[in-house]
Colleague: 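I have a structure here, written as structure tokens, and I will follow up with some questions on it.
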Protein chains: 2
Amino acid sequence: MARYQVGIQTEAKIIEATRALLAEGGMEAATLKAICDRAEVRSGSFYNLFDSKEDVIIHVVRESIDAVDPDPDHAGTDTVNDLVSAYIRFFEEEPQLAKVYVMAALTGDSPTNGARRRFLRHHLRRVERFADAMARADQALDAEKSEIQAELLLGALDGLAFRWALDSDFDFATYAELASDKLVQVPARSSD
Amino acid sequence: MARYQVGIQTEAKIIEATRALLAEGGMEAATLKAICDRAEVRSGSFYNLFDSKEDVIIHVVRESIDAVDPDPDHAGTDTVNDLVSAYIRFFEEEPQLAKVYVMAALTGDSPTNGARRRFLRHHLRRVERFADAMARADQALDAEKSEIQAELLLGALDGLAFRWALDSDFDFATYAELASDKLVQVPARSSD
DNA sequence: CCAAACTTGGAGTGTATACTCAAATTGTGT
DNA sequence: ACACAATTTGAGTATACACTCCAAGTTTGG
């Protein structure tokens, strides 16, 4: 038999409650109790639908990242500028979620840490997209060089985002654009 | 009356146990029980010497950072290169401690989060030292410009270090030097 | 309208955590 | 050797957490 409507709705309520809690107070606010209270659901229902708390958190974080993707269909039409902007947008719109994302990669020490592996895979995909966009904009750039450049730029963006997490007065967007200008051979912005 | 020798030794044992645990397994390994067991001390003794677990962890992290300071007396003789090398050394020698340092800045949401405020202060001091070293190397650089450049470089270093925490195969040192070359007006390295 | 499959409530389990406190013991200066 | 402060002990407190279980209820297709 197929899934029941009521179950699908409950799942949606749980996801939305988790999203709201993470966005408001980060990882610490998203306890199982808080999620269930907010979703108006008992823990038994939660575990009927999800295998663990981690599951729903991963789901929420992934959705948020996808929401700002400049080229969700992967048509290969995004520029470095688009990608940098999308990155900035994610951090500015969902600072708490961004922190959750970063924390997940840092916590845990086991080599089988699922969150870290997922994070790394996502990072590598992102590097590839940045590198592709760089290569499209500058024919002189070979694959290896554009990948190095992409790692450098993403590294800088991650670091500046972290800096901004420390102190929300930090002008993340301006620094991110500056980094992009300095680190990308052909200026990424057709600006000024 | 003054402190007893035995108390001072106990304090040292606790600090060393905490340092070892953090270096081996990060934040998660450094539970109160683990610290006390390793130091061969009961929890009452711990709380006779420290106000909280956080206290001793902060102490340990601070010590580790100071240990790689290229200019501990602040004589103003360190070059950008020295500072970058010290940064690389901290992350390569104490990866787990570096993660603890980063996590502390990200956890907690209250505006009165002590760890985050401390982290920010430390970061700003570091920016100043980088900026000073940059200004010393290049007279044409005014205070504002060198500070911006320092924030950019430190941002990139933080991000690359994070990248390396994700995947220890990442060649952090090489990328860090590349970032330094690209982001500092007068090449920081008198190389090649 | 039935029965199978799905969903739910919610008390309960197990575990781990940081931290406390009063009494016992030990170190130190005199 | 004495007084007394510093230190240690270790059982105990309070709390929080993710997760389980299963009987009772609900939805659905036929």
Side-chain angles (χ1 to χ4, degrees), chain A residues 1-19 21-22 24-61 100 103-104 107-110 112-115, chain B residues 1-19 21-22 24-61 100 103-104 107-110 112-115:
Chain A
M1 255 186 185
R3 291 194 56 189
Y4 291 4
Q5 282 306 315
V6 61
I8 293 169
Q9 276 162 30
T10 301
E11 188 178 330
K13 280 198 292 183
I14 290 172
I15 290 169
E16 171 51 25
T18 306
R19 199 206 56 72
L21 285 165
L22 284 177
E24 283 164 20
M27 209 50 176
E28 287 157 51
T31 65
L32 195 73
K33 188 181 181 317
I35 292 170
C36 290
D37 284 356
R38 184 119 173 190
E40 291 177 297
V41 149
R42 256 45 58 191
S43 60
S45 303
F46 183 98
Y47 284 100
N48 178 48
L49 293 161
F50 298 92
D51 285 340
S52 69
K53 196 184 80 164
E54 211 197 343
D55 267 26
V56 68
I57 288 178
I58 286 164
H59 181 102
V60 165
V61 172
V100 170
M103 295 269 301
T107 23
D109 35 11
S110 76
T112 46
N113 176 352
Chain B
M1 257 190 184
R3 294 193 56 190
Y4 291 2
Q5 282 306 314
V6 61
I8 293 169
Q9 277 164 28
T10 300
E11 189 178 330
K13 279 198 294 184
I14 291 172
I15 289 170
E16 172 51 25
T18 306
R19 197 204 57 73
L21 285 166
L22 284 177
E24 284 165 18
M27 209 51 177
E28 286 157 51
T31 64
L32 196 70
K33 188 181 182 318
I35 293 170
C36 290
D37 284 355
R38 183 120 173 191
E40 290 179 295
V41 148
R42 257 43 61 189
S43 62
S45 300
F46 182 98
Y47 283 99
N48 179 48
L49 292 160
F50 298 93
D51 285 341
S52 69
K53 196 183 80 163
E54 210 198 344
D55 266 26
V56 68
I57 288 177
I58 286 164
H59 181 102
V60 165
V61 173
V100 170
M103 294 272 298
T107 23
D109 36 10
S110 76
T112 47
N113 176 352

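In the text below, chain A, chain B and the rest are named by the order of the sequence lines, each starting its count at 1. When reading the values below, keep in mind they use all heavy atoms of this one structure, side chains included, and skip hydrogens, waters and symmetry mates. The structure displayed is predicted, hence computed values, not measured ones.
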Colleague: Relative to the 5' end of DNA chain C, which residue comes earlier, Val6(B) or Ala30(B), by the nucleotide with the nearest heavy atom?
Modeller: Ala30(B)

Colleague: Could you pick out which residue, Gln5(B) or Lys53(B), lies toward the 5' side of DNA chain C when each is mapped onto its nearest nucleotide?
Modeller: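 On the 5' side of the pair lies Lys53(B).
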
Colleague: Glu40(A) CD to dT8(C) C1': how many Å, rounded?
Modeller: 14 Å

Colleague: Please report the closest heavy-atom contact between Lys53(B) and Ile35(B), naming both atoms and the distance.
Modeller: CG-CD1, 4.2 Å

Colleague: Search all heavy atoms of Ile57(B) against all heavy atoms of Leu22(B) and return the closest pair with its distance.
Modeller: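 Minimum heavy-atom separation between Ile57(B) and Leu22(B): CG2-CD1, 4.1 Å.
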
Colleague: Would you kindly check whether a donor in the side chain of Ser43(B) faces an acceptor in the base of dT20(C), or vice versa, at under 3.5 angstrom?
Modeller: yes

Colleague: Return the CD to CG distance between Glu11(B) and Leu49(B), rounded to the nearest 0.5 Å.
Modeller: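 If we round to the nearest 0.5 Å, Glu11(B):CD and Leu49(B):CG are 5.5 Å apart.
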
Colleague: Rounded to the nearest Å, what distance is computed from the CD1 atom of residue Ile57(A) to the P atom of nucleotide dC19(D)?
Modeller: 10 Å

Colleague: How many whole angstroms separate atom CG of Leu49(A) from atom C1' of dT27(D)?
Modeller: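 Rounding to the nearest Å, CG of Leu49(A) and C1' of dT27(D) are 15 Å apart.
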
Colleague: Can you tell me the distance, in whole Å, between the CE atom of Met27(A) and the P atom of dC17(D)?
Modeller: 12 Å

Colleague: dA4(C) C1' sits how many Å from Arg3(A) CZ, rounded?
Modeller: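 It works out to 18 Å between those atoms.
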
Colleague: Closest nucleotide of DNA chain D for Gly44(B) versus for Tyr47(A): which of these residues is on the 5' side?
Modeller: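 Per heavy-atom nearest nucleotide, the more 5' residue is Gly44(B).
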
Colleague: Nearest heavy atom decides the nucleotide; on that basis, is Ile8(B) or Arg42(B) closer to the 5' end of DNA chain D?
Modeller: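 Looking at DNA chain D, the more 5' nearest nucleotide goes with Ile8(B).
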
Colleague: Quickly work out the Leu32(A) CG to dT20(D) C1' distance and round it to whole Å.
Modeller: 12 Å

Colleague: What about Tyr4(A): does its side chain form a donor-acceptor pair under 3.5 Å with the base of dA5(C)?
Modeller: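 Answer yes: a donor N or O sits under 3.5 Å from an acceptor.
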
Colleague: Just call it for Thr31(B): base, sugar-phosphate, or nothing, with non-hydrogen atoms closer than 4.0 Å on any strand.
Modeller: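 Sugar-phosphate contact only - Thr31(B) comes under 4.0 Å of backbone atoms but never of a base.
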
Colleague: Counting just side-chain N and O atoms, does Ser45(B) come under 4.0 Å of either OP1 or OP2 of dT9(D)?
Modeller: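 Yes, within the criterion.
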
Colleague: Could you check whether Gly7(B) gets within reach of a base, just the sugar-phosphate, or nothing at all, counting any heavy atom under 4.0 Å?
Modeller: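 It contacts sugar-phosphate atoms only.
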
Colleague: So for Thr10(A) and dT7(C), does any side-chain atom that can act as donor or acceptor lie under 3.5 Å from a complementary atom in the base?
Modeller: no

Colleague: Assess whether a salt bridge exists between Lys13(B) and Glu16(B), defined as any Lys/Arg side-chain N lying under 4.0 Å from an Asp/Glu carboxylate O.
Modeller: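 Salt bridge between Lys13(B) and Glu16(B), a charged N being under 4.0 Å from a carboxylate O: no.
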
Colleague: Whole Å only: how far is the NZ atom of Lys33(A) from the P atom of dG12(C)?
Modeller: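 Taking NZ of Lys33(A) and P of dG12(C), I get 16 Å after rounding.
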
Colleague: Within this structure, what is the CD1-to-P distance between Ile35(A) and dA18(D), rounded to whole angstrom?
Modeller: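 Answer to the nearest Å: 7 Å.
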
Colleague: Of all the heavy-atom pairs spanning Ser43(A) and Leu32(A), show the shortest one and how long it is.
Modeller: CB-CD2, 4.3 Å

